[in-house]
Amino acid sequence: MDDVVIALQRAVEAAATAVGAPGTNVQVQEVPDGRPGDYGTPVAFALAKALGKNPAAIAAEVVAALSLPAGVAEARAVGPYINFNVEPAGFVRQVALEPRRPSAARLKVVVEHTSVNPNKEAHVGHLRNTVLGDASARILAAVGHAVEVQNYIDDTGRQAAESIFAVTYFNARYAPETDRKYDHWLGELYVRLSAAKERDGEAIERGVNEVMHRLERGELRREVERVLKAQLETYNSLGVEYDLLVWESDIVQGGLLRRGLDVMEKSPHVSLPDSGKFAGALVMDVSEFLPGLEEPLVVLVRSDGNAMYVAKDIGYQFWKAGLFEGLTFERFAQQPSGRPLYTSSQHGELHPDGRSFAHADEIINVIDVRQSHPQTIVRTALALSGTPEGLHAFENSHHLAYEVVTLEGQAMSGRRGITLSIDEVAEEATRRARAVVEEKNPGLADIDQVARQVGIGALRFGMLKGEAKKVIDFRWEQALSLQGDSAPYVQYAHARACSILRAAAAAGIDQPTAQAAADFAALGQLEVRLARVVRRFPEVVEAAAAALAPHQVAQYALDLATAWNGYYNHKGEDGRPDTQVMRAEPGLREARLLLVDRVRATLAAALELLGIGAPEQM
RNA sequence: GCGCCCGUAGCUCAGUCGGAUAGAGCGUUCGCCUCCGGAGCGAAAGGUCACAGGUUCGAAUCCUGUCGGGCGCACCA
């Protein structure tokens with residue numbers, strides 16, 4: 001059987017043709033609570049204009065001309081609206097047993113996220129990036145894309161150099177047993193070095209510069225890897241995994257920078273002025289694509305011969321789009337789920353384990369909104385390259401910009417000590433969740449795991465439930481809340497459904513048994529309302545993927561949990577519960593059970609897309 | 001100065017393509033476990049959707065302007 005909404009759309013279109021308005025675009029939407037009907041359409045408004053009659057009259061006419069599709073019980077004009085009631089039996093049955101899937105896309109999508117400087121522990125601002133990127137990758141994969149997650153390692157930057165130099169400068173030695181986690185330990189040295197610049201600036205400058213040169217030659221890879229591994233531990237503990245680490249030093253040594261510049265140098269927009277402000281530097285004129293800029297010239301290579309970050313990124317983006325090769329890879333680690341993590345490497349191979357990287361149809365860069373300007377310039381370079389591939393990459397690359405996370409209204413700053421690490425927050429979140437689980441459910445077997453799922457879930461959800469372009473001011477009570485608009489609210493709804501299904505299993509009712517015995521005709525309006533929300537899931541996922549907006553999935557999860565909780569607690573006119581599942585009479589019981597099972601699976605799927613666990617008990 | 005983003009309940013936020021009475025959570029007040037999990041549910045109170053014009057049968061949503069706030073405009077990244 002066709003999906004009801006699609007069938008209704010077609011039926012109304014046919015009726016519109018019959019009353020003299022062929023080709024009308026019909027939208028069918030859920031009827032707001034308190035109005036008659038399950039689905040409805042405002043199409044009469046549009047027809048009124050075309051046909052020169054009033055909308056209510058048209059609505060009546062269309063109703064008369066309608067031939068109702070299977071599964072729809074009734075159509076009626078409600079003022080200018082045309083509303084429909086579905087047949088509960090068929091509708092709920094379809095929702096429960098024949099879940100729709102998102103339409104299958106099949107593009108290669110490269111998502112770059114995290115990309116934290118490997119010189120200190122990651123903070124909650126990075127958490128937002130990572131969680132947003134991770135959820136986006138999951139959602140894109142859910143609609144059928146082949147997603148590759150890359151994490152860019154800026155190992156040749158000043159920040160990495162300062163941290164590494166700090167170790168020798170302070171003659172520090174890391175003691176794994178007694179010292180803090182390595183990235184925290186190193187981060188502290190980094191801050192100390194910044195402070196020491198006041199009295200010993202010149203020597204530190206010399207030392208840092210020397211380290212930078214060694215980094216560029218890839219000589220200090222082990223040192224960088226050590227911090228990186230500590231950072232990855234943090235992300236893995238949040239349920240975040242990657243496919244590939246791309247090192248900036250490899251981009252340079254592997255020739256991506258050179259090849260990118262070769263392409264750019266052929267562009268008529270790129271020049272090497274021999275006089276003026278930019279004498280001796282390689283500059284790109286972006287005015288054609290970015291008009292109105294005060295300074296339309298962007299430096300790619302400085303007059304001293306050093307490439308700007310933008311130039312390296314251009315090479316990297318070209319490579320992502322498949323304009324050229326240049327990187328080789330090797331296996332780096334096995335991640336908790338078993339998914340292998342690869343890394344770029346000077347002595348790797350092009351196709352390790354038969355894998356192939358980059359060659360993206362679509363490129364998504366998760367990076368904070370303050371980088372919008374340089375991101376735009378990098379993207380513009382793709383267009384200015386003058387190559388068809390570059391133009392294609394330009395059209396298919398997106399900057400997923402998100403606003404910053406502030407701490408009590410203040411911008412985070414490691415140097416000023418205004419910062420909050422992910423590890424610290426995650427630990428506290430888990431601790432709080434554990435206290436609640438112990439109180440509510442003392443005998444729970446895997447309490448540690450559940451506390452993690454709930455605590456980390458709350459944290460992730462807090463980062464994802466709103467739009468990316470809104471600033472998040474981090475506050476403990478809000479970020480770690482276990483009630484209200486939160487992950488635990490959704491998880492609780494899920495656990496509640498699981499509990500009913502456990503009772504069913506104990507009574508010997510499994511899926512096939514339930515399907516054989518279910519009497520969907522016994523269902524009513526309450527089930528239709530719940531099923532209506534369930535039905536929406538695939539379109540929500542599609543929309544979230546198209547808009548790169550994981551918050552739409554988060555909001556949906558809340559909607560579904562609310563609908564389910566409302567159903568669960570519903571009382572009839574006599575004040576007694578009238579939606580019980582296991583205490584309902586046979587037939588009705590099984591039909592409700594199947595719907596509850598679908599609710600459970602949908603809640604779990606929505607949480608999964610957000611990277612949040614769905615414990616069966618909590 | 002130029003550019004981008006934001007402004008919806010006391011606070012934090014939802015609100016695809018313009019559609020029905022603008023919805024949640026937190027906080028406040030009241031009610032609900034002799035009923036499958038009360039981390040829940042129901043109800044009350046709380047709104048000139050920043051402001052002013054415009055388009056439209058219809059605007060929180062689209063357009064223009066104004067006012068507030070944030071961010072960005074390096075031979076840094």
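Chain identifiers are assigned alphabetically (A, B, ...) following the order of the sequence lines, protein sequences preceding nucleic acid strands; residue numbering begins at 1 within each chain. All of these numbers come straight from a predicted model, not from anything done at the bench.
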Visitor: Could you work out, with ring pair (Phe, Tyr, Trp, His ring centres under 6.0 Å) as the rule, every residue matching A:Y568, not counting sequence neighbours?
Guide: A:W564
Visitor: Would you indicate what A:D154 reaches in the nucleic acid, counting non-hydrogen atoms under 4.0 angstrom: base, sugar-phosphate, or nothing?
Guide: sugar-phosphate
Visitor: Which residues pass the ring pair (Phe, Tyr, Trp, His ring centres under 6.0 Å) test with A:Y402, not counting sequence neighbours?
Guide: none
Visitor: Pick base, sugar-phosphate or nothing for A:A495, based on heavy-atom distances below 4.0 Å to the nucleic acid.
Guide: base
Visitor: Show your working on salt bridge (Lys or Arg N to Asp or Glu O under 4.0 Å) between A:E162 and A:K197 and close with a plain yes or no.
Guide: CA-CA 11 Å; A:E162 290 197 4; A:K197 280 179 195 165; 3.0 Å; yes
Visitor: Checking A:E288 now: which residues fulfil salt bridge (charged side-chain N to carboxylate O under 4.0 Å, His left out) with it, not counting sequence neighbours?
Guide: none
Visitor: Rounded to whole angstrom, note down the C1' distance from B:C49 over to B:A22.
Guide: 8 Å
Visitor: Apply the syn/anti split at 90° from 0 to B:C51 and say which one it is.
Guide: anti
Visitor: Would you mind telling me which residue lines up with the more 5' stretch of RNA chain B, A:P36 or A:N569, judged by nearest nucleotide?
Guide: A:P36
Visitor: With sequence neighbours left out, what residues match A:Y152 under ring pair (Phe, Tyr, Trp, His ring centres under 6.0 Å)?
Guide: A:Y316
Visitor: So what does the secondary structure string of RNA chain B come out as, 5' to 3', with Watson-Crick or wobble pairs under 3.5 angstrom, [ ] for crossing and | for pairs with another strand?
Guide: (((((((..((((.....[...)))).(((((.......))))).....(((((..]....))))))))))))....
Visitor: According to salt bridge (Lys or Arg N to Asp or Glu O under 4.0 Å), does anything in residues 451-466 of chain A pair up with another residue at least two apart or in another chain? List the pairs.
Guide: A:D134-A:R460
Visitor: Distance check, P atoms only: B:G58 and B:U21, in whole angstrom units.
Guide: 15 Å
Visitor: Could you tell me from which nucleotide to which nucleotide of RNA chain B, 5' to 3', there is an atom under 4.0 Å from chain A heavy atoms?
Guide: B:G1 to B:A77
Visitor: Here's a test of your reading of the structure: between A:Q27 and A:L293, which maps to the more 5' nucleotide of RNA chain B?
Guide: A:Q27
Visitor: Once ring pair (Phe, Tyr, Trp, His ring centres under 6.0 Å) is applied, do any residues pair with A:Y309, and if so which ones, sequence neighbours excluded?
Guide: none
Visitor: What residues in residues 75-83 of chain A put a non-hydrogen atom under 4.0 Å from any atom of RNA chain B?
Guide: A:Y81, A:N83
Visitor: Could you work out the separation of B:A20 and B:U28 based on their P atoms and round it to a whole Å?
Guide: 33 Å
Visitor: Does any pair with a residue in residues 490-509 of chain A pass side chain to side chain donor-acceptor pair (under 3.5 Å), and if so which ones, sequence neighbours excluded?
Guide: A:R496-A:N565
Visitor: So, using salt bridge (charged side-chain N to carboxylate O under 4.0 Å, His left out) as the criterion, who are the partners of A:D250 when residues are at least two apart?
Guide: A:R221
Visitor: Counting any heavy atom closer than 4.0 Å, what does A:V310 reach on the DNA or RNA strands: base, sugar-phosphate only, or nothing?
Guide: nothing
Visitor: Syn or anti for B:C57, with syn set at within 90° of 0?
Guide: anti
Visitor: Heavy atoms under 4.0 Å, any strand shown: does A:V436 hit a base, just sugar-phosphate, or nothing?
Guide: base
Visitor: Once salt bridge (Lys or Arg N to Asp or Glu O under 4.0 Å) is applied, what residue pairs with a partner in residues 564-578 of chain A remain, sequence neighbours excluded?
Guide: none
Visitor: Main chain of A:Q27, side chain of A:T41: is a donor-acceptor contact present, judged purely on distance under 3.5 Å?
Guide: yes
